[in-house]
Trainee: 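I have a structure here, written as structure tokens, and I will follow up with some questions on it.
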2 protein chains.
Amino acid sequence: MPVTVLLVDDEPLVRAGLRAVLGAQPDIEVVGEAADGAAVIPLVRRLRPDVVAMDVRMPLLDGIEATRAVLRTVADPPKILVVTTFEDDEYVYEALRAGADGFLLKRARPAEIVHAVRLIAEGESLLFPASVRRLAERYGDGAGRPARAGTARTRLTGREAEVLRLMARGLSNAEIAARLVVGAETVKSHVSAVLAKLGARDRTQAVIAAYESGFVEPR
Amino acid sequence: MPVTVLLVDDEPLVRAGLRAVLGAQPDIEVVGEAADGAAVIPLVRRLRPDVVAMDVRMPLLDGIEATRAVLRTVADPPKILVVTTFEDDEYVYEALRAGADGFLLKRARPAEIVHAVRLIAEGESLLFPASVRRLAERYGDGAGRPARAGTARTRLTGREAEVLRLMARGLSNAEIAARLVVGAETVKSHVSAVLAKLGARDRTQAVIAAYESGFVEPR
DNA sequence: GACCGCCTCCCCCGGGCGGGGGAGGTCCGT
DNA sequence: ACGGACCTCCCCCGCCCGGGGGAGGCGGTC
């Protein structure tokens with residue numbers, strides 16, 4: 001009995017790619033597709049897949065919300081494999097709380113994708129596959145050592161991540177301050193911390209790093 | 001006799017997606033794949049495809065260079081369909097000079113992709129399919145009118161595009177000036193023009209626009 | 001209780017950035 | 001020959017930004 005997979009991604013091309021990659025495996029069967037998070041629950045109820053390959057950024061309902069919804073409303077729910085472009089802290093923690101079982105980079109090679117689905121299906125928690133860790137090292141301490149989960153000295157704090165996200169939307173310090181309802185000096189502190197941790201010289205470089213790392217995504 | 005297509009893209013997932021989308025058509029046959037521009041010429045010689053679906057950003061040899069190489073060295077060359085994420089001026093003009101026959105957005109829906117391949121194969125020049133034009137309108141004059149090819153008032157000039165690309169790599173005005181071997185004031189002028197044309201308030205917003213529009217891509 | 005990370009706010013200060021306006025040069029097509 | 005687009009350089013000016021350093025409160029853990 002093959003592992004059944006439901007694909008959830010708003011980009012048809014990505015779905016087609018996953019279908020091609022996964023469907024080629026004799027022990028894996030793609031049983032359905034959805035283009036947004038809202039369509040997932042009824043499909044899971046009907047198809048009862050073993051694994052849901054879930055995109056993070058989607059219209060109507062994002063991957064985290066959809067994960068939460070599935071696990072909350074479906075009895076004997078499937079394993080959730082979150083498909084993203086980078087393990088950013090918030091997504092990781094939010095998805096963990098939501099109950100996701102693993103993460104996968106879209107850039108991963110086909111063999112890695114297949115491997116991830118198999119592991120997830122077997123009940124393995126695939127929190128930091130090699131491909132994710134490779135990217136995660138970009139947020140290391142500059143000495144080549146990867147940022148470990150415990151010591152968060154070089155990882156962005158929640159507030160810093162929030163500030164970076166607003167920076168990456170083009171907001172000025174004053175606008176960010178207004179948005180977060182804090183003083184402008186506070187924002188400056190967070191910005192400085194972000195710049196230091198990302199090794200960026202100015203906010204522009206920080207935003208570039210945010211895009212390059214997948215912390216924020218185009219569109 | 002079906003239309004034969006060679007896929008050239010460094011991302012396996014995109015190749016798999018294109019293969020799935022195109023291969024499902026009875027009148028289209030994917031006859032080969034390449035992961036970089038350098039591998040294209042021998043494959044074209046051997047497989048003699050009708051159409052080459054060519055990514056722009058690739059290792060070793062980018063899509064423009066590869067297009068140029070194919071048309072220069074192969075007798076009775078295939079049609080070249082450039083697969084990109086945005087029609088930026090330089091790519092369009094460079095690819096046109098290189099001899100590309102059309103453009104296609106990766107974000108296009110499967111039906112559009114299939115349509116584009118068929119048109120290209122029939123000898124149609126597919127310079128501005130609807131999906132591309134839609135994005136191109138983002139660079140219109142702000143009044144909703146799309147930027148026409150003739151009046152380039154809101155389109156970036158060559159120098160401006162160059163400056164924007166360096167901005168998007170995190171360079172300061174002084175660094176850009178040094179790189180381009182011009183005065184700092186000149187760079188300021190170009191930066192101001194870029195900001196005005198993109199409707200950006202500062203360089204950070206300009207870089208964001210560059211990423212969002214696909215003018216530059218992560219990685 | 002002591003420590004520590006995080007968030008918050010404050011000071012001074014220099015420099016890069018962006019706005020506004022102007023101007024000379026080349027190359028091009030009309 | 002003229003206009004127009006483009007690239008280049010220049011002036012003044014205001015200000016947001018980022019660096020440096022410091023400090024208090026709060027919530028965790030040990």
Side-chain angles (χ1 to χ4, degrees), chain A residues 89-90 93 97 139 141 147-210, chain B residues 89-90 93 97 139 141 147-210:
Chain A
D89 283 0
E90 289 212 342
Y93 293 135
R97 276 187 302 162
Y139 283 87
D141 58 8
R148 287 160 300 167
T151 59
R153 192 127 46 88
T154 57
R155 313 197 80 149
L156 300 184
T157 67
R159 209 52 162 170
E160 288 160 1
E162 210 166 348
V163 168
L164 175 55
R165 201 163 290 115
L166 293 176
M167 275 196 274
R169 288 184 54 182
L171 275 66
S172 68
N173 286 345
E175 288 168 342
I176 295 175
R179 182 76 68 92
L180 299 182
V181 199
V182 297
E185 303 83 7
T186 303
V187 175
K188 282 189 55 177
S189 296
H190 292 314
V191 170
S192 292
V194 169
L195 297 186
K197 290 183 179 179
L198 268 56
R201 185 178 50 193
D202 49 48
R203 70 200 295 106
T204 303
Q205 290 191 349
V207 170
I208 291 170
Chain B
D89 283 1
E90 289 210 343
Y93 292 135
R97 276 188 300 161
Y139 283 86
D141 57 9
R148 287 163 298 169
T151 61
R153 193 126 45 89
T154 56
R155 315 196 78 148
L156 299 184
T157 67
R159 208 53 161 171
E160 287 160 1
E162 209 165 350
V163 169
L164 175 56
R165 202 161 291 115
L166 294 176
M167 274 196 274
R169 289 183 54 183
L171 275 66
S172 68
N173 286 344
E175 289 168 342
I176 295 174
R179 183 76 67 93
L180 299 182
V181 198
V182 296
E185 303 83 6
T186 303
V187 175
K188 281 190 55 176
S189 296
H190 291 314
V191 170
S192 291
V194 168
L195 298 185
K197 289 184 178 178
L198 267 56
R201 186 177 51 192
D202 50 48
R203 69 200 297 108
T204 302
Q205 289 192 350
V207 169
I208 291 170

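The analysis underlying the following values was restricted to heavy atoms, covering all of them including side chains, and did not include hydrogens, waters or symmetry mates.
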Trainee: Taking the side chain of B:Ser172 as its heavy atoms from C-beta onward, which of C:dC17, D:dT8, C:dG19 lies nearest to it?
Mentor: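 Looking only at side-chain atoms, B:Ser172 lies closest to C:dC17.
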Trainee: Please assess B:Met167 against B:Val191 for the test side chain to side chain contact (heavy atoms under 4.5 Å, CB included), listing each intermediate value before the final yes or no.
Mentor: CA-CA 9 Å; B:Met167 274 196 274; B:Val191 170; 4.2 Å; yes
Trainee: What is the distance from CZ of A:Arg201 to C1' of C:dG16, rounded to the nearest Å?
Mentor: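 Those two atoms, CZ and C1', are 10 Å apart.
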Trainee: Let me know the distance between CG of B:Leu171 and P of C:dC17, rounded to the nearest Å.
Mentor: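 Computing the B:Leu171:CG to C:dC17:P distance gives 10 Å.
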Trainee: For A:Asp202 and C:dC17, give me the distance from atom CG to atom C1', rounded to whole Å.
Mentor: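 Between C1' of C:dC17 and CG of A:Asp202: 10 Å.
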Trainee: Which of residues 173-181 of chain A sit near DNA chain C, with a heavy atom under 4.0 Å from it?
Mentor: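 Result for residues 173-181 of chain A: none.
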Trainee: Distance check, rounded to the nearest 0.5 Å: B:Arg165 atom CZ versus B:Ile176 atom CD1?
Mentor: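 These two atoms lie 12.0 Å from each other.
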Trainee: When you check the gap from the basic side-chain N to the acidic O, do A:Glu162 and A:Arg159 get nearer than 4.0 Å?
Mentor: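 So A:Glu162 pairs with A:Arg159 through a salt bridge.
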Trainee: What donor-acceptor contacts under 3.5 angstrom involve side-chain atoms of residues 181-190 of chain B, with partners at least two apart or in another chain?
Mentor:
residue, atom, partner, partner atom, Å
B:Ser189, OG, B:Glu185, O, 3.2

Trainee: Side chain to side chain contact (heavy atoms under 4.5 Å, CB included) for B:Arg203 and B:Asn173? Distances and angles first, verdict last.
Mentor: CA-CA 10 Å; B:Arg203 69 200 297 108; B:Asn173 286 344; 3.0 Å; yes
Trainee: How many Å lie between CD on B:Glu160 and P on D:dT8, as a whole number?
Mentor: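 One finds 11 Å between P of D:dT8 and CD of B:Glu160, rounded.
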Trainee: Walk me through whether A:Glu160 and A:Leu164 qualify under side chain to side chain contact (heavy atoms under 4.5 Å, CB included).
Mentor: CA-CA 6 Å; A:Glu160 288 160 1; A:Leu164 175 55; over 6 Å; no
Trainee: For the side chain of B:Arg203, counting heavy atoms from C-beta on, which of C:dC17, C:dT8, D:dT8 is nearest?
Mentor: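 In terms of side-chain proximity for B:Arg203, the closest of C:dC17, C:dT8, D:dT8 is C:dC17.
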Trainee: Would B:Val163 and B:Leu180 count as a side chain to side chain contact (heavy atoms under 4.5 Å, CB included) if you check the C-alpha gap in whole Å, the side-chain angles of each, and the deciding distance to 0.1 Å?
Mentor: CA-CA 9 Å; B:Val163 169; B:Leu180 299 182; 3.9 Å; yes
Trainee: How long is the gap from CZ on A:Arg179 to CZ on A:Arg169, to the nearest 0.5 Å?
Mentor: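 One finds 5.5 Å between CZ of A:Arg179 and CZ of A:Arg169.
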Trainee: Name every residue in residues 183-191 of chain A that has at least one heavy atom under 4.0 Å from any atom of DNA chain C, in order of residue number, or write none if there are no such residues.
Mentor: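 Those residues are A:Gly183, A:Glu185, A:Thr186, A:Ser189, A:His190.
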